[in-house]
Amino acid sequence: MYETKARSSVRAAKQYGMVLLMLLCAGLLSSCDLDGGRTGTRILIKFPHVTPPASPKGRAADRFQEVVSERLGDRVTVEVYPSGQLMNDDDSIEALAFGEVQMIAVSLSKFDRLTKKYQVFDLPFMFRDLNAVERFQKGPAGPELLDAMADKGLQGIAFWHNGMKQFAGPVSLSSPDAADGLKFRIMESDVLQAQILQVGGNPQKMAYPEVYQALQTGAVDGHENTWANAYSSKFHEVQDYFTETNHGYIGYLVLVNTEFWESIPADLREQLGDIILEVSDWANERAAMLNAEARANILASGRSEIVTLTPEELDRWRETMQPVWKQFEDEIGVELIETAKTASLP
Ligand code: LMR
């Protein structure tokens, strides 16, 4: 369906089996047991994700599970697997494509092997805040972004916010010069890789469930993430400084396998779609507040120091990272970048 890096032969064999099974089942989804999905008349939605239940995504996923159970409990079961306990994000995209799980919410930074459009969300200092992201996603670019992987059999159905990213590490990063030579964990994104190289750092792509230990053992020096992720995953216990840069965005694409989604009876699909939209509004209204609370909790913990920046220091960060935009302009498309920029205008 699409290329992934370093597939083991075991995985390849398993996928070969899955492909055969999918071919055999084509058009007969209800009679196939694809380890979930439709079994008889009941629908099972397995929903794995990587952050703890207390994170913004964890709360949204649990809310979705609760509302579905309240309203459609006799016909649909949602099983949420948080904290990477079932699989990491990369594997979940693959599992979704092969019908092993039915819904995921993965950071927009992690799709660049499938579409270059979401790279716009990783451009440093693209969005001033979550309101700007919301304007962009709800504007004319929204439907195009949700449909960006339709040709791969994957359908985006909503965007969920987490928050704005901060840098953390063993030193204050009030100047980008301080990042020189430090190893930073980043999500699996080429834009984020370029961004760290731009400040002289050493980027290390790494799955989320491995981050705490990598920070604790010093396998990496620092990382970038939201306040809410850092607090709920306890990263503040193993990082001395957080520098409040707000330089990027973390948010999610809620994604389904198109074939599975279309196999759901129309009335039920519509009700599920409505619940997802309602839960998305609920989650997105709370995201900024959850991040502000997490920031306050990190401060109160006394475990790490929070460094705030002057407008001049922020300008220095912005200017240092700006060349990354040009580097990815052709892949992302100038028009999409311009639309995103407009959403961020005061
Ligand atoms: C990360 O890997 O840092 C984040 O994408 C985790 C998440 O899902 O918020």
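Just so you know, ligand 1 is whichever comes first in the structure, and atom 1 is the first atom listed for that ligand. Since we're looking at a predicted model, the values are computed, not measured.
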Quiz item: Which part of Glu224 is near ligand 1, with near meaning a heavy atom under 4.0 Å away: side chain, backbone, both or neither?
Solution: neither
Quiz item: Do Asp147 and Gln155 have side-chain atoms, one donor and one acceptor, less than 3.5 Å apart?
Solution: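 Checked: Asp147/Gln155 side chains pair up, N/O donor to acceptor below 3.5 Å.
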Quiz item: Side chains of Tyr252 and Asn162: donor-acceptor distance under 3.5 Å anywhere?
Solution: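 Yes - a donor-acceptor pair under 3.5 Å links their side chains.
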Quiz item: What atoms in ligand 1 come closer than 4.0 Å to a heavy atom of Lys110?
Solution: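 Answer for ligand 1: 1 (C), 2 (O), 4 (C), 5 (O).
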[atom]: the protein heavy-atom neighbour that sits closest, reported with distance to 0.1 Å:
atom                   : value
atom 8 (O) of ligand 1 : Lys57 NZ, 2.6 Å
atom 4 (C) of ligand 1 : Met187 SD, 3.7 Å
atom 9 (O) of ligand 1 : Tyr252 OH, 2.4 Å
atom 6 (C) of ligand 1 : Tyr208 CD1, 3.4 Å

Exercise. Using distance alone, decide if ligand 1 has a nitrogen or oxygen within less than 3.5 Å of any nitrogen or oxygen in Asp89.
Key: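 Min N/O separation from ligand 1 is not below 3.5 Å for Asp89.
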Exercise. Can you sort out the partners of Leu197 under side-chain contact (heavy atoms from CB on, under 4.5 Å), two or more places apart, ordered by chain and number?
Key: Gln193, Pro203
Quiz item: Between Glu329 and Lys326, is a salt bridge (Lys or Arg N to Asp or Glu O under 4.0 Å) present by the stated rule, with each step listed?
Solution: CA-CA 5 Å; Glu329 187 181 90; Lys326 196 87 207 134; 3.1 Å; yes
Quiz prompt | 4.0 Å heavy-atom contact, His223 with ligand 1 | solution = no
